[in-house]
Amino acid sequence: MLTRRATLMGAVAVATAPLAIKASASTEEVMDTSSAQAVDLSTLPRRKVKLVRPPFVHEHEQIATSGPTVVQFEMKIIEKEVQIADDAYLQAMTFNGSMPGPMMVVHEGDYVELTLYNPPENMFQHNIDFHAATGALGGGSLTLVNPGEKTVLRFKATRPGTFVYHCAPGGPMIPWHVVSGMAGAIMVLPRDGLKDHENKPVSYDRIYYIGENDFYIPKDENDEYMRFEDAGDSYGDTLEVMNKLIPSHVTFNGKVGGLTGDNALTAAQGEKVLFVHSQANRDSRPHLIGGHGDLVWEAGKFNNVPDRDLETWFIRGGSAGAALYEFLQPGVYAYVNHNLIEAVNLGATAHVLVEGEWNNDLMEQVVAPSEYDVMHEGKTALP
Amino acid sequence: MRAIVSFAALCATGAAITAAALMWWPGTPQITDRPETVAIPAGSYNYRPSGDFRIGTRSVDPPSEQRSAGTGFEIMKYPVSEAQYALCVAAEACNPTATTGQADAAQIDISYVDATGFARWYSKMTRQTWRLPTDDEWVRAAGDRYVDSGLGISANETDPSKRWLANYRQMLTVRGDTDTEIHQRGHFGDNEFGVSDMAGNVWEWTESCFVNGQLSADGSEITEQTSYCGVRAVQGKHRAFIIDFVRDAKVGGCAAGIPPDYLGFRLVREG
């Protein structure tokens, strides 16, 4: 029997949306800019940057040492099955093979020039909508690529902050592609770097990109997660779960345990770590157990004064925020979505292992857990 | 383990202590097809007590004791299978739980309450006394599969974060590459006694409670201890303490530790 993928690999079907999916991507407005007034950027320096897998971020300057640059990135769209939990698989669609897609860093005034490849073995049309970009549905209308096609989009990074990007190929394909993994983030730094609440420069020693995903994996009559032949095959059952708005999994870095155990993050006492957290579809509320957000750009936009000393911050679905924290105490920290059901039962937990010297001034176990005299102690506690 | 313990202790409700008593069963057994068992010989072995131990206020490894057992005991060669557990469910003596459909796979998604319920029913059906092993017995039966829980951190280490981080890393090391597939019993092989699947990916319930203990100044012996039985020790690649009604420690395990993959059990036969 021919799978849907095999069918689609035939020349006839390549350019059309899969048969089972009625609302095709071509309902989206597709435009081009070829007749508009040309812009001459030939005098600007150009720089190629290779993207890296999250939670890591490619090397970058925090303070720009030159004028605006055209920063060239490449991303390949990969459709593949990914294990997202011990007992659950997703027919994933990804930017560059990872969930979330890789994080890009540029400076305000730079031009982002992305080459987007949709390889011929893929089944679907894809595009990219940058929340950091202005016009043309964030670039979505200019970047719809069929399997076997590529496109190059350039936009000017005019607003400093952390922003989501995601696939948005029209109609019901938009949420489906996003909850299948097609989202990432870009950080546009002010040219002179980050500033604190008093407008004084601040920097970070490390940066981690936490991409949060909500997944909706259908279950069969035996209450087991279903596996599918390909993404098209998974669509109908997945849509039913999606439309109930209750995710089966909420993960960091694409899978339950994506940032724990061997994948746990590391830091050292005294280091300032910038956590960039994105959620392209659904609200989240990051919290660092045993720590804080010293400076938090909750909505992620650096022209706003950062909040200070936050316990938990809010990431609106469809946005990315940034929190800077200096680790003051060594030990194991849990970075969670503080809807604790999502953190513990659905997967939204990361661990940070911090080396250093314990400081009893900040915290001390004055009495270790021990039996107390029930007859004489504990009577003064209640009002 | 400490992280798991703290979480477990926070969430635990009242503990029902079910001490298995040696009993004599009248009548003819209804189950005669008894499982393969292995005789664990008397003799000496190393054991590190289960729980949280301190010298004064400082958490340290409990002493690794050289213990000597005057008698042997008999333990199931394999964990209780899905097929065996299904009989108990069918008899309405056990609580239904999740199954993978592999009759000869270890039954997982088992709480302490489920395991002891099965033991009671199985004892009745076989006219023999079956119970969970103690932590100490499990260690004996595990033989060279037993992973010593000592962190090897000096008792004089003053920085509590060192033990915490070492514990996290030790759990990673002893686990190696995680294998979360459910296998037929026997997949993880026999130890030197012929006991199969010890320290595979199914952690096994024991009778033993969580112990809070004080050690002598040199750390060599336990001077006092109290037990908390709302949690029980489960044994596998590392020891963990789990609340007695929890069936899946992967969810609801702990905020900052590494929980067991699956929870199952095997029984010891008395008399």
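Order of the sequence lines fixes the chain letters, A, B, ..., with proteins taken first and strands second; residue numbering starts at 1 for each chain.
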With only heavy atoms counted, which part of [X] is less than 4.5 Å from chain B, the side chain, the backbone, both or neither?
X       : answer
E355(A) : both
E357(A) : both
V354(A) : backbone

Flag if over 12 foreign heavy atoms under 6.0 Å of [atom1], [X]:
X       : atom1 : value
E311(A) : CD    : no
I341(A) : CD1   : no
L362(A) : CG    : yes
E364(A) : CD    : yes
K237(B) : NZ    : yes

In terms of heavy-atom pairs under 4.5 Å with chain B, which of G290(A), A368(A), G331(A) leads?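 The candidate making the most pairs under 4.5 Å is G331(A).
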Going from [atom1] on [X] to [atom2] on [Y], what distance comes out if it is rounded to the nearest 0.5 angstrom?
X       : Y       : atom1 : atom2 : answer
R169(B) : L353(A) : CZ    : CG    : 5.0 Å
R54(B)  : Q365(A) : CZ    : CD    : 4.0 Å
E224(A) : T100(B) : CD    : OG1   : 7.5 Å
D87(A)  : T180(B) : CG    : OG1   : 8.5 Å

Find out whether K162(B) and W358(A) are in side-chain contact, i.e. whether some heavy atom of one side chain is under 4.5 Å from a heavy atom of the other.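 In short, these two side chains do not touch, never coming nearer than 4.5 Å.
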For chain B, which residues of residues 258-266 of chain A have heavy atoms nearer than 4.5 angstrom: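 Counting heavy atoms that sit under 4.5 Å from chain B, the residues of residues 258-266 of chain A involved are T260(A), G261(A), D262(A), A264(A).
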Checking heavy atoms, do the side chain of T158(B), its backbone, both or neither come under 4.5 Å from chain A?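 Neither the backbone nor the side chain of T158(B) comes within 4.5 Å of chain A.
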Which atom names give the shortest non-hydrogen contact between P330(A) and S161(B), and what distance separates them?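 What the structure gives for the nearest pair is CG-OG, 3.1 Å.
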